[in-house]
Amino acid sequence: MIHLRKKLFSFLLASAVTAWCHAEGFTRYVNPLMGTHSSMELSNGNTYPTVCLPFGMNNWAPHTGKLGNGFLYTYQDNYLYGFKQTHQASLWINDYGQLSVMPITRRDNFTEERRRSWFSHKTEIALPHYYHAYLGDAQAHVELTPTERAAAFRMQFNGGDSAYVVIDACDGGSYVRLIPEERRIVGYSTKNNGGVGTGFKNFFVITFNRPFLNAIIWKDKQLLDGEREQQGPHVGAVVGFDLKRGETVEMHIATSYISEKQAEVNLQEIGNKSFDEVKAKAEQTWDAELAKVSVRGGTDDEMRTFYTCLYRMLIFPRKFYEIDAKGDTLHYSPYNGRIMPGILYADNGFWDTFRAQFPFLNLMYPNIVTEILRGLENVYKESGWLPEWFSPGHRDCMIGQHSASVIADAYLKGIRGFDIDLLYEAICKSTNSVGPVSSVGRKGFAQYNTLGYVPCDVDINQNVSRTLEYAYDDFCIYRLAHALNRPKKEQETFRQRSLNYRHLFDKSIGLMRPKDSKGRFLTPFDPYRWGEHFTEGNSWQYTWFVPHDIPGLQKLMGGEAKFVEKLDSVFSQTQRYDISYYKRGIIHLIREMQNADMGQYAHLNEPMHHVPYLYAFCQPWKTQRLVRTIMSRLYAPRPDGYCGDEDNGQMSAWYVFSALGFYPLSPISGEYAVGSPLFRQATLHLPNGKTIHIAAPQNSSTHVYVSQFLLNGKPYSGSFIKHSELMKGAKIEFKMSAEKTHPIKKN
């Protein structure tokens, strides 16, 4: 017993040293467990410890939830059911392309319930490129490390001579074939939760570095002796090995949406590399990516939060294309069920990510944006529509037409390499129609295009939010149409529609209000009522979603002073709410607003992310105070470290931009609002070879106000800085103070 404990301690110590002490780059600051302590009642991120490469096709993660449970991993759980290949981009969207593996000590413990094992966070190591857990019931250590389309596992068994690995190809239709003479298992899984086309399969190839002692296929809950191949509703395999106590077995897994043959090609990402070699390469990849944004001069928690957020921003959207043996790019199309040439990306909701995630990619990863937009061309060709929430195909989730913002923002910032004329055609189609699901195109387009708003009496919910978001999207289209030199009349149509937000502003209450098809404001109306006319919020939160025309909103409110007074009241009033729309009672989003203790400000919901920066138009010191408060109060590098759902990198993107000292208040404007940097030094290594150096030497938790702003050594009086200026390379210096002496004025 003492001998076993010594071996366990030695193994854990060696793993910890390898994972942490030898990590010389910024990867060591990342905590993939941040945001994993979530539940239906309260989201602290709804994340899972994602092991992957940046934008990689496959993610891997331990799963504490059974297969099919959207709560893939929750920190408060005590059991692991396996280690899962996952493509889950959101709890609410759930998963597809799944496969789970798990070590066991008895081959008849292959079912999900019987193979689960107690584990402890005390022996857990989670990094972007590496995960380790000790399974108490299985008496086994499991390590995994990724490539873009494959993964390597190493398992050490300490419980005796019985060592087995279960492969679960999932219910919903699966296939497994044993090839013992090659130490190989192949098959496919079809389990999904929608968004896939006909014939969808997640093909897999699994190889081991040791010969099989025995191998058996299982179907449903029965072991099938003598079978080498099986297809059915739910099949898998159990492989046994002749291992002495403490010995390890390595396992390599690659998958493909195209074919078993292509999975073999993808397996060459590992080739003959050992586990440690794959791990070292993955760590180098993450170090290189994270080092593109180098920050110094903050607390350890601030560093860990920053780089954890940056890691989350580099996961989605993920590659959905593969490279065949000839070097050609191809993909399985979830839109027509065929194998098609070219690039495709998946797993993103533009409703969330157009706000800051994509502006960050435009700044730091224009090559990835080019690929994503080339992928959007293929989505349009294969489905006839642009996606708004794709995982991997069109999903009926959220509102707006924010593909227009993503495309226009990229083009106006000089990103090229895609067919902008085709994408503009696709954008225009979406303004005049509804797609195969209600989130594609524009639900309520007919009323919006004729009345100037989506009315509240035509059985279209979220009508106020739709109107406001369509208006912003129309401004994006107007800017793009102007850049493409489209006909003046066409440009003017979209410019006029971008002002449609005015139709729903009720001057008597100073807030946005639903209006019926006859032009009458809804009566009675409670601006604190969540849902129905608003998306995951109320009028107090959505009134401010006019990021493209804040001067126009100020005018509607009666001028700058009234605007500031109203904006102040968002943060100062009580946390009153009406949940009568929700039949199941209070929802987690309201709980998260309450926890923030910032009045009606709901950082948990993306339409408010720009609101603290609205003071940049009038009283910038309030922006500085607010953003520092939000960063310190609502983010932390802990399992409860987010203040709501971390949606495809957007919640993280707000933090990363804000910590650097600027934010894309209105992405399409080509400007960033100046805020209050968190670190004393930051360097952004731009893809064009230029650098942005940011210095705030007096920065501290008390010195949050900017007393002077220098751009390239010269005093700068504006509260917005242009993207084009940053792309030239820039030296920015913030003189920080504990006093509200901000001299910056609106541009």
Side-chain angles (χ1 to χ4, degrees), residues 350 353-381 385-388 400-432 441-442 445 449 468-501 546-552 610 662-673 686-688 690 718 720-728 747:
F350 293 153
T353 56
F354 84 90
R355 307 168 199 274
Q357 167 71 352
F358 268 92
F360 179 84
L361 296 180
N362 289 337
L363 180 67
M364 297 300 300
Y365 288 88
N367 59 319
I368 292 293
V369 175
T370 294
E371 282 201 349
I372 292 168
L373 297 192
R374 286 170 61 191
L376 295 190
E377 292 177 35
N378 287 327
V379 175
Y380 182 54
K381 291 174 183 176
W385 301 90
L386 286 174
E388 302 298 337
Q401 190 204 336
H402 300 312
S403 57
S405 179
V406 170
I407 294 166
D409 186 29
Y411 187 81
L412 292 174
K413 287 176 178 170
I415 298 176
R416 298 294 185 268
F418 50 90
D419 188 342
I420 188 59
D421 293 322
L422 180 67
L423 292 178
Y424 182 79
E425 172 193 306
I427 288 171
C428 290
K429 176 181 177 180
S430 289
T431 66
N432 293 294
R442 291 188 179 184
F445 75 91
N449 291 349
L468 297 176
E469 298 198 27
Y470 294 162
Y472 167 76
D473 294 328
D474 281 332
F475 187 75
C476 296
I477 301 170
Y478 159 67
R479 290 287 312 279
L480 180 58
H482 180 75
L484 296 176
N485 199 28
R486 301 293 300 179
K488 295 293 184 182
K489 183 178 180 181
E490 187 175 307
Q491 294 182 40
E492 183 62 16
T493 295
F494 291 114
R495 191 191 72 81
Q496 287 292 335
R497 288 180 183 173
S498 74
L499 303 176
N500 281 344
Y501 70 90
V546 190
H548 58 293
D549 189 18
I550 299 305
H610 70 295
F662 55 97
Y663 184 81
L665 187 157
S666 177
I668 198 62
S669 70
E671 296 179 326
Y672 303 93
L686 300 177
N688 61 6
K690 307 290 186 179
F720 293 83
I721 186 169
K722 292 184 180 296
H723 176 84
S724 57
E725 287 294 322
L726 294 181
M727 292 305 294
K728 296 175 185 177
N747 294 60

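- Distance check: S498 OG to R479 CZ gives 11.0 Å after rounding to the nearest 0.5 Å.
- The main-chain N or O of I668 is never found under 3.5 Å from a side-chain atom of H548 such that the two would form a donor-acceptor pair.
- Taking the six-membered ring wherever Trp is involved, the centroid distance between the rings of Y501 and Y470 does not fall below 6.0 Å.
- Checked against side-chain contact (heavy atoms from CB on, under 4.5 Å), R355 has the following partners two or more places apart in sequence or in another chain: W351, E469, F545, E606, P607, Q650, Y663.
- For N378, the side-chain hydrogen bond (donor to acceptor under 3.5 Å, both in side chains) criterion is met by no residue, not counting sequence neighbours.
- Partners of K690 according to the salt bridge (Lys or Arg N to Asp or Glu O under 4.0 Å) rule, which considers only residues two or more places apart in sequence or in another chain, do not exist here.
- Atom CG of N362 and atom CE of M727 lie 9.5 Å apart (nearest 0.5 Å).
- Applying the salt bridge (Lys or Arg N to Asp or Glu O under 4.0 Å) test to pairs two or more places apart or on separate chains, those with a residue in residues 413-430 are D409-K413.
- With sequence neighbours left out, L726 forms a side-chain contact (heavy atoms from CB on, under 4.5 Å) with F662, Y672, I692, I721, A730, I732.
- Atom CG of L373 and atom CD1 of I420 lie 7.5 Å apart (nearest 0.5 Å).
- Rounding to the nearest 0.5 Å gives a distance of 11.0 Å between OG1 of T370 and CG of L361.
- Applying the ring-ring contact (aromatic ring centres under 6.0 Å, His included) test to Y365 and every residue at least two apart in sequence or in another chain returns F55.
- Between E671 and L665, the closest side-chain pair of non-hydrogen atoms is not below 4.5 Å.
- Residues passing the side-chain contact (heavy atoms from CB on, under 4.5 Å) test with K728 are E725, sequence neighbours excluded.
- Applying the side-chain hydrogen bond (donor to acceptor under 3.5 Å, both in side chains) test to R486 and every residue at least two apart in sequence or in another chain returns E490.
- Looking only at atom types and distance, the side chain of Y472 has a donor-acceptor partner in the side chain of S405 under 3.5 Å away.
- Here Y424 and Y411 keep their ring centres 6.0 angstrom or further from each other.
- Residues passing the ring-ring contact (aromatic ring centres under 6.0 Å, His included) test with F494: none are found, sequence neighbours excluded.
- Taking CZ from R495 and CD1 from I477, the interatomic distance works out to 15.0 Å, rounded to the nearest 0.5 Å.
- One finds the CD1 atom of I407 at 8.5 Å from the CD atom of Q401 (value rounded to the nearest 0.5 Å).
- Taking the charged nitrogens against the carboxylate oxygens, E492 and K489 have no contact shorter than 4.0 Å, which rules out a salt bridge.
- Listed by chain and residue number, H402 satisfy the side-chain hydrogen bond (donor to acceptor under 3.5 Å, both in side chains) test with D473 (two or more places apart in sequence, or in another chain).
- Minimum interatomic distance between S666 and P547 (heavy atoms only, all atoms of both residues): CB-O, 3.2 Å.
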What do the steps show when you test N367 against I415 for side-chain contact (heavy atoms from CB on, under 4.5 Å), and what is the final call? CA-CA 8 Å; N367 59 319; I415 298 176; over 6 Å; no

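- For the side-chain hydrogen bond (donor to acceptor under 3.5 Å, both in side chains) test, residues two or more places apart in sequence or in another chain that qualify with S403 are E388.
- Summarising the local packing, CZ of R497 is surrounded by more than 12 heavy atoms from other residues, nucleotides or ligands at distances under 6.0 Å.
- With sequence neighbours left out, the side-chain contact (heavy atoms from CB on, under 4.5 Å) criterion links F445 to V434, R442, N449.
- Heavy-atom minimum distance, C476 versus A404: CB-O, 4.2 Å.
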